[in-house]
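Note sheet for the following structure.
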Number of protein chains: 2
Amino acid sequence: MDHPGSPTLEQVAALAGVSRATVSRVVNGSPKVLPETVAAVERAIGELGYVPNRAARALVTRKTDSVAIVVPEPDSRVFSDPFFAGILRGVSRTLAPTSSQLVLLIEPAEADDQRLLRYLRGGHVDGAIIVSHHGRDNVLQELAQLPLPIVFSARPIGVDVPVASVDVDNVAGARTAVEHLLSIGRRKLGTITGPLDMTAGLDRLTGYQDVMKKAKLPEAIAFGDFTADGGEQAAIRLLDDHADLDGLFVASDLMATAALRVLSQRGRRVPDDVAVVGFDDSVLATTTTPRLTTVRQPVEKLGARLAEILLAKIGGTKLTSPEIYDTELIVRDSA
Amino acid sequence: MDHPGSPTLEQVAALAGVSRATVSRVVNGSPKVLPETVAAVERAIGELGYVPNRAARALVTRKTDSVAIVVPEPDSRVFSDPFFAGILRGVSRTLAPTSSQLVLLIEPAEADDQRLLRYLRGGHVDGAIIVSHHGRDNVLQELAQLPLPIVFSARPIGVDVPVASVDVDNVAGARTAVEHLLSIGRRKLGTITGPLDMTAGLDRLTGYQDVMKKAKLPEAIAFGDFTADGGEQAAIRLLDDHADLDGLFVASDLMATAALRVLSQRGRRVPDDVAVVGFDDSVLATTTTPRLTTVRQPVEKLGARLAEILLAKIGGTKLTSPEIYDTELIVRDSA
DNA sequence: TTGTAGGCGTTATCAT
DNA sequence: ATGATAACGCCTACAA
């Protein structure tokens with residue numbers, strides 16, 4: 001049971017000929033230790049292959065050196081989402097040099113919300129990053145009020161207390177997309193939206209409407225849900241109602257691929273007859289024919305900031321405002 | 001600092017009018033406690049919102065109730081991989097009902113291999129699931145020899161000790177794909193492989209060769225690397241060398257999308273002129289035109305088994321053999 | 001069935 | 001600058 005490879009402070013102290021307290025000091029980089037003592041202790045540590053026991057340390061310091069990334073969506077879609085992958089990459093990359101470890105928390109069922117909250121309140125982690133898209137019921141609100149450093153990826157819907165969050169400027173991103181359509185001479189522009197209980201869905205629609213209003217052009221809206229099927233249904237409805245569309249802004253690449261297929265079935269060529277712009281710049285954007293013109297989000301950067309902000313909050317800094325990043329229009333073949 | 005919401009065993013005991021030991025017993029479900037005592041304690045627990053302190057518990061039991069899922073690839077591609085997403089979903093789903101938490105370990109740079117090994121050896125987790133694809137240097141071998149319950153996703157290359165692993169039957173999957181091509185009358189079959197330092201790459205090539213040899217048909221092989229660019233290069237080489245191909249088995253959906261594009265650029269229609277079969281059945285398979293016929297892997301199931309096996313090993317069961325699952329051919333429009 | 005008491009490996013507070 | 005020593009919250013013999 002007791003692997004030979006788990007020496008304690010005590011043993012290191014014995015080997016180095018000092019007290020536990022001193023070893024603890026060098027392990028934690030205290031400045032007031034004689035260089036020669038430090039050397040001796042470090043030699044002993046190396047020799048024994050000593051690694052501090054996290055549990056013992058956590059017990060006394062009341063810090064766990066671990067942060068949670070929580071995905072409170074019963075909806076497993078999140079995982080296949082390249083957005084989530086990027087966030088994860090950014091977070092883990094900035095956490096790596098730290099001693100903090102990343103604990104993944106996924107709520108398989110809504111019913112377990114309380115379990116999640118209890119866990120977070122239980123002091124098992126020093127802070128949490130919430131990657132939630134839907135503003136379902138009031139978990140988000142409860143999360144926001146936890147006595148624990150928290151950062152949201154995307155401004156949470158339905159939360160009325162100030163929270164720290166990092167997001168992309170979805171409104172501006174959508175605007176750029178629609179303006180691009182305008183700039184290449186299209187005037188009959190439609191949009192397929194995301195679900196409106198997500199800021200991403202809401203804001204991208206707003207961006208479209210902003211531009212259309214300003215250009216005094218009639219709107220053509222179909223509501224999607226960020227899934228391929230939903231996108232297909234929306235595309236069908238949109239084309240049924242507005243057969244003369246010459247431009248289409250779709251709120252996600254996945255839905256855009258569905259739109260592409262519907263368009264092709266109706267014999268409408270892209271971009272010649274209808275120009276299409278997506279959102280995300282996921283792999284999908286380069287695997288379709290034609291390849292998608294789309295709006296790129298700096299996902300990895302978002303993840304990195306999420307982690308940095310959380311670390312800062314854990315460090316005591318008070319932060320409760322959103323941080324917003326720019327998107328970039330990637331022009332390919334579809335518009 | 002001390003949030004009102006972190007009561008201890010002691011406090012629960014006081015409120016319930018029993019000793020700490022008794023509370024501990026009911027918390028851990030000991031059978032030898034009077035029902036009425038249990039009730040009293042549980043009432044107190046509920047009232048106080050007591051949650052056991054993990055650190056204190058780990059300190060004495062020497063179990064951390066947490067398992068690691070480690071991705072020792074400096075190559076961040078893994079994350080965007082739907083395969084990884086599926087594994088993660090399966091793992092987290094079977095871990096959820098358990099008290100075990102999931103710690104995500106990603107090695108940002110190869111240089112940190114030692115750091116990873118030290119961490120794993122440090123007793124911070126009870127076991128680990130290794131999701132590695134490449135057989136680079138000897139980390140895998142070192143991981144396999146750790147005095148810690150370990151399970152590999154995919155039989156690791158270059159490891160000469162018996163290890164527990166769960167994987168899909170890549171050889172058989174590839175065979176099904178190639179046989180399907182044969183069954184629809186194609187005879188000039190080529191393949192685009194994955195990297196040959198991954199079992200997935202290796203085995204899928206073997207499956208192709210098996211069928212070709214048995215059918216006494218000449219082989220046409222181009223080496224890819226599971227990336228879109230690599231797939232594109234391979235497709236170009238393959239078509240340059242074998243202009244008369246009428247069937248193509250591509251070792252991954254992502255590379256298959258690249259092949260589709262190359263084919264289309266050369267004016268070869270799919271599936272009419274060239275039938276194409278991919279591997280993975282990722283989202284990509286349904287977003288291309290035509291949609292891909294491909295080989296599906298039960299990824300979520302693999303993840304679930306990975307977790308189950310690890311839990312069993314942690315529980316003391318000795319398991320050191322591979323577990324192999326079947327794939328399924330999904331016929332769509334490309335072949 | 002329940003209570004008492006000792007110890008898990010650290011950090012932190014005092015002395016020295 | 002270093003060393004005793006007391007927590008931290010829990011589990012688990014052992015005793016009652």
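Throughout, a chain's letter reflects where its sequence line sits, starting with A, and its residues are numbered from 1.
For L59(B), whose side chain is taken as the heavy atoms from C-beta onward, the closest listed nucleotide among dT10(C), dC8(C), dC10(D) is dC8(C). For R62(B), the side-chain atoms get nearest to dC8(C) when compared with the rest of dC8(C), dC8(D), dC10(D).
Across L88(A), V103(A), I69(A), a single residue satisfies side-chain contact (heavy atoms from CB on, under 4.5 Å) together with L104(B), and that is L88(A).
With rounding to the nearest 0.5 Å, the separation of CD1 in I309(B) from CD1 in I129(B) is 9.5 Å.
Between the side chain of D126(A) and the backbone N or O of T64(A), at least one donor-acceptor pair lies under 3.5 Å. Remark: side-chain polar atoms of T317(A) are paired, donor with acceptor, to backbone N or O of A312(A) under 3.5 angstrom. The closest donor-acceptor contact from the side chain of S24(B) to the backbone of R20(B) lies at 3.5 Å or more, if one exists at all. Listed for the N53(B) side chain is a donor-acceptor partner under 3.5 Å among the backbone atoms of A55(B).
Put simply, S24(B) has no side-chain N or O that comes within less than 4.0 Å of OP1 or OP2 on dC10(D). In this structure, N53(A) does not reach the dC8(C) phosphate: none of its side-chain N or O atoms is under 4.0 Å from OP1 or OP2.
Atoms CG (D65(A)) and C1' (dT10(C)) sit 13 Å apart, rounded to a whole Å. To the nearest angstrom, C1' of dG9(D) lies 15 Å from CZ of R54(B). Rounded to a whole Å, the NE2 atom of H124(A) is 10 Å from the P atom of dC10(D). In this structure, K63(B) places its NZ atom 12 Å from P of dT12(D), rounding to the nearest Å. Between E10(B) atom CD and dA7(D) atom C1' there is a gap of 13 Å when expressed in whole angstrom units. If you take CZ of R57(B) and C1' of dG9(C), they are 18 Å apart, rounded to a whole angstrom.
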Atom pairs, protein N/O to nucleotides 2-4 of chain D N/O, distance under 3.5 Å:
from: dT2(D); atom 1: OP1; to: T37(A); atom 2: OG1; distance (Å): 2.5
from: dT2(D); atom 1: OP2; to: L34(A); atom 2: N; distance (Å): 2.9
from: dG3(D); atom 1: OP2; to: S19(A); atom 2: N; distance (Å): 2.8
from: dG3(D); atom 1: OP2; to: S19(A); atom 2: OG; distance (Å): 3.0
from: dG3(D); atom 1: OP2; to: T22(A); atom 2: OG1; distance (Å): 2.7
from: dG3(D); atom 1: N7; to: R25(A); atom 2: NH1; distance (Å): 3.4
from: dG3(D); atom 1: N7; to: R25(A); atom 2: NH2; distance (Å): 3.4
from: dG3(D); atom 1: O6; to: R25(A); atom 2: NH2; distance (Å): 2.6

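Annotation: salt bridge (charged side-chain N to carboxylate O under 4.0 Å, His left out) contacts involving residues 301-321 of chain B, sequence neighbours excluded, comprise R305(B)-E308(B), R305(B)-E323(B).
Across all strands shown, T8(A) has heavy atoms under 4.0 Å from sugar-phosphate atoms exclusively, and none from any base.
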